[in-house]
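Worksheet for the structure shown next.
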Amino acid sequence: MKKTLRYLRPYGGTVVAGLILKFIGAVAELFLPLLLEYIINDVATNAALSHDNKINMIIFLGIAMLGCSFAALFGNVFANRLTVKSSGNMTHDLRYDLFKKTCYLSSRQVDEFGVPSLISRLTSDSYYVNQMVARTLRLGVRAPILILGGTILAFWRDPVLACVLLGCVPLVGVAIFVITKKSVPIYFGVQKRQDDMVRKVQENVTGVRVIKALDKGEYETERFDALVKDLAAEEFKANKIMSLSHPVATLILNLGLVAIIAAGAALGSKSGTVLAFLQYFVIILNAMIALSKIFVVISRGSASAARIEKVLDTDVSETTESSQKRNTGYKIQFENVSFSYNGVKDNLHDIDFGIYAGQTLGIIGATGSGKSTIINLMMRFYDPDGGAVYVDDVNVKSYRVKELRKKFGVAFQNDFLMADTLKENIDYGRDLDDEMINKAIISARASEFIDALPDKLEHRLAQKANNLSGGQKQRILIARALAAHPEILILDDSSSALDYETDAALRRSLKKDYDDITKVIVAQRISAIKNADLILVMDDGEIIGRGKHDELMASCEEYAMIYATQMGGDNA
Ligand SMILES: Nc1ncnc2c1ncn2[C@@H]1O[C@H](COP(=O)(O)OP(=O)(O)OP(=O)(O)O)[C@@H](O)[C@H]1O
Ligand SMILES: [Mg+2]
């Protein structure tokens with residue numbers, strides 16, 4: 001919580017100005033009952049004053065009351081504006097840092113937090129922190145001043161009546177405390193169920209096509225309905241308890257008012273004093289109810305702040321190990337690498353291969369056999385548990401991550417495109433010159449469809465590039481990977497949506513225009529990797545066949561089988 005609150009520090013001036021205005025507003029509000037008491041006790045009922053004098057004084061005091069009312073109103077309004085400003089700025093800074101940190105988390109750290117959880121920390125949790133700060137600044141000073149000031153003034157005016165008043169206040173305090181304490185855990189339950197619902201909505205909206213294709217609309221609706229019902233039931237429970245607080249406080253308030261009037265009558269207090277006490281009583285009770293609400297917001301906000309701080313406190317500093325440069329001459333080399341995502345079962349086992357600069361590595365194998373995992377280790381998204389990965393004869397652990405990644409141009413499996421222009425999607429903030437971009441577009445076989453667009457490269461993509469076909473998306477992704485002319489090109493299942501002819505043409509232009517680049521091509525189709533200098537056949541995290549196409553046809557039964565099943569369409 002401390003770390004989160006530190007984000008308020010740069011806006012300390014605004015916070016203090018807001019609190020001073022709140023203070024002025026609260027004090028002005030406390031003066032109103034005093035003035036009213038004076039008008040009734042010492043002016044209106046004062047036989048010693050002439051009629052005209054009385055009228056003049058009442059008008060004068062009335063204006064003073066108006067002045068106090070306006071001071072209370074404006075003090076509050078301007079203070080609230082400053083509060084919104086400082087809490088808004090603070091949330092902005094917090095979200096900025098949180099987002100930045102999220103971008104620098106390692107893949108393993110992202111796995112640990114979970115993507116939905118990171119999203120909710122950035123959205124709802126930071127919102128709850130904002131609510132906590134804003135509410136506390138708005139009411140956290142005002143309510144205590146009203147309670148304390150009201151009590152002091154009440155004692156000053158009439159200690160006996162003040163005792164009656166103070167007798168009722170703890171009753172309200174206990175009632176509100178009990179009610180709030182019961183409702184806070186239920187509110188946490190509501191928050192969790194809201195997260196579940198948001199996750200379900202996200203899943204369903206993202207997967208709407210699958211749901212339609214499998215005709216699972218009703219099934220999903222029922223599951224969603226169950227979640228919503230659960231959420232509604234929990235909200236009902238929380239609101240049922242919280243809705244008690246107002247009637248209970250009002251009941252005690254009314255009992256208190258009766259007690260004050262009765263005590264006033266018994267003690268022969270003046271009517272103005274009794275009236276002033278009634279007002280103080282209302283002010284104090286309302287302030288207590290406000291404080292109880294802050295309590296709820298603070299409980300919720302501090303839980304969210306803790307979740308946010310957990311991400312902010314994560315160490316994302318690079319660990320680089322110094323090592324000797326070797327002289328094998330390989331561009332990329334895996335040496336007896338084994339790796340597991342969860343530490344239970346090896347996802348890669350004893351992976352050992354090397355390729356030279358300018359060569360092509362093809363990787364083929366069943367779903368889940370570890371193809372993408374090899375790429376993940378090559379780019380150091382994860383570190384191997386055993387063995388080592390070398391790029392340019394240097395252990396990848398010895399590179400600054402930025403330097404290592406600069407060597408790669410990548411089109412990942414199911415990669416994403418942004419809702420921006422085609423040009424920005426290819427350039428991706430790298431300020432590449434037009435010539436490089438155009439060359440990449442031509443080689444990626446994307447020029448044909450881009451030229452047909454009226455606004456060409458300025459064409460804007462819809463969210464998730466939904467206005468492009470699968471094959472068009474892949475061509476843009478390949479162009480992005482090629483555009484900076486990287487040392488190593490990685491295409492992870494990136495040509496699966498291309499027709500055979502386009503796929504073959506892509507390979508021809510890669511050979512012609514980007515021959516110096518070392519290529520790693522993960523594919524399901526043998527045609528995409530047939531001419532590779534080294535092909536790895538993967539199965540369940542192990543290499544079960546290696547070599548060139550012809551060698552594998554002779555030596556690897558599985559490879560020959562894949563080839564046989566794909567023969568019909570393969571003529572590249
Ligand atoms: N982030 C992750 N956390 C835990 N397990 C993972 C993670 N990513 C992949 N795996 C597991 O590791 C194994 C290898 O996955 P990988 O993505 O490398 O397969 P692949 O060969 O690329 O498959 P595909 O052809 O479907 O892309 C799979 O069993 C998969 O479930
Ligand atoms: Mg994969």
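All of these numbers come straight from a predicted model, not from anything done at the bench. What you see below is based on every heavy atom in this structure, not just the backbone, and it leaves out hydrogens, waters and symmetry mates. One-based numbering, in listed order, for ligands and for the atoms of each.
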Just jot down the ligand 1 atoms closer than 4.0 angstrom to any heavy atom of Thr373, in number order.
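In order of numbering, the contacting atoms are 14 (C), 15 (O), 16 (P), 18 (O).
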Residue Gln524 vicinity, atoms of ligand 1 by number, heavy atom under 4.0 Å:
25 (O)
What's the shortest distance from [atom] to any protein heavy atom, and which residue and atom give it?
| atom | result |
| --- | --- |
| atom 22 (O) of ligand 1 | Ser372 OG, 2.7 Å |
| atom 12 (O) of ligand 1 | Asn347 ND2, 3.1 Å |
| atom 25 (O) of ligand 1 | Lys371 NZ, 2.7 Å |
| atom 26 (O) of ligand 1 | Thr367 CG2, 2.8 Å |
| atom 28 (C) of ligand 1 | Gly368 O, 3.8 Å |

Take atom OH in Tyr127; do more than 12 heavy atoms of anything else shown fall under 6.0 Å from it?
no
Is it true that, when you exclude Asn342 itself, more than 12 heavy atoms of the residues, nucleotides or ligands shown sit nearer than 6.0 Å to its CG?
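Enclosed: over 12 neighbouring heavy atoms sit under 6.0 Å from CG of Asn342.
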Regarding Asp393 and Lys325, does a basic nitrogen lie under 4.0 Å from an acidic carboxylate oxygen?
no
Carboxylate-amine/guanidinium proximity below 4.0 Å for Asp97 and Lys101
no
Between Gln413 and ligand 1, which residue portion shows a heavy-atom distance shorter than 4.0 Å: side chain, backbone, both, or neither?
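Side chain only.
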Of the backbone atoms (N, CA, C, O) and the side-chain heavy atoms from C-beta on, which set of Asp111 has a member under 4.0 Å from an atom of ligand 1: side chain, backbone, both, or neither?
side chain
Within the side chain of Arg95, is there an N or O that forms a donor-acceptor pair under 3.5 Å with the backbone of Leu122?
yes
Checking the side chain of Lys456 only, and the main-chain atoms of Ile450 only, is there a donor and an acceptor separated by less than 3.5 Å?
no
Scan Leu461, Leu468, Leu457 and name whichever one has a side chain to side chain contact (heavy atoms under 4.5 Å, CB included) with Asn425.
Leu461
In a check of side chain to side chain contact (heavy atoms under 4.5 Å, CB included) between Leu404 and each of Met379, Met378, Arg380, which one passes?
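When Met379, Met378, Arg380 are each tested with Leu404, the side chain to side chain contact (heavy atoms under 4.5 Å, CB included) holds only for Arg380.
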Protein contact for atom 31 (O) of ligand 1 (heavy atom, distance under 4.0 Å):
no
Under 4.0 Å from atom 14 (C) of ligand 1, can you find at least one protein heavy atom?
yes
Met538: heavy atom below 4.0 Å from ligand 1, yes or no?
no
At a 4.0 Å cut-off, with the gap strictly under it, does some heavy atom of Tyr382 reach an atom of ligand 1?
yes
Could you tell me whether Gly370 and ligand 1 have an N or O pair separated by under 3.5 Å?
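Min N/O separation from ligand 1 is below 3.5 Å for Gly370.
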Assess whether ring pair (Phe, Tyr, Trp, His ring centres under 6.0 Å) is satisfied between Tyr356 and Tyr330, documenting all intermediate values.
CA-CA 5 Å; Tyr356 296 103; Tyr330 285 126; 4.8 Å; yes
Taking the ring centre of each residue, are Phe339 and His349 less than 6.0 Å apart?
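Judged by ring-centre distance (under 6.0 Å), Phe339 and His349 do not meet the cut-off.
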Flag this pair as yes if the NZ/CZ of Arg405 is under 6.0 angstrom from the six-membered ring centre of Phe381 and inside a 45 degree cone about the axis; otherwise no.
yes
After noting the C-alpha distance and the side-chain angles of Ile543 and Val537, does the key distance pass the side-chain contact (heavy atoms from CB on, under 4.5 Å) rule?
CA-CA 6 Å; Ile543 299 176; Val537 185; over 6 Å; no
Judged by heavy atoms only, the candidate from Phe412, Tyr341, Phe381, Phe339 nearest atom 10 (N) of ligand 1 is Tyr341
Using the rule given for side chain to side chain donor-acceptor pair (under 3.5 Å), can you reason through Thr320 versus Ser398, listing the C-alpha separation, both sets of side-chain angles and the distance that settles it, and then say yes or no?
CA-CA 5 Å; Thr320 46; Ser398 304; over 6 Å; no
Leaving out waters, which are not shown anyway, how many protein N, O or S atoms lie closer than 2.8 Å to the Mg ion (ligand 2)?
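Atoms of protein N, O or S type lying less than 2.8 Å from the Mg ion (ligand 2) total 2.
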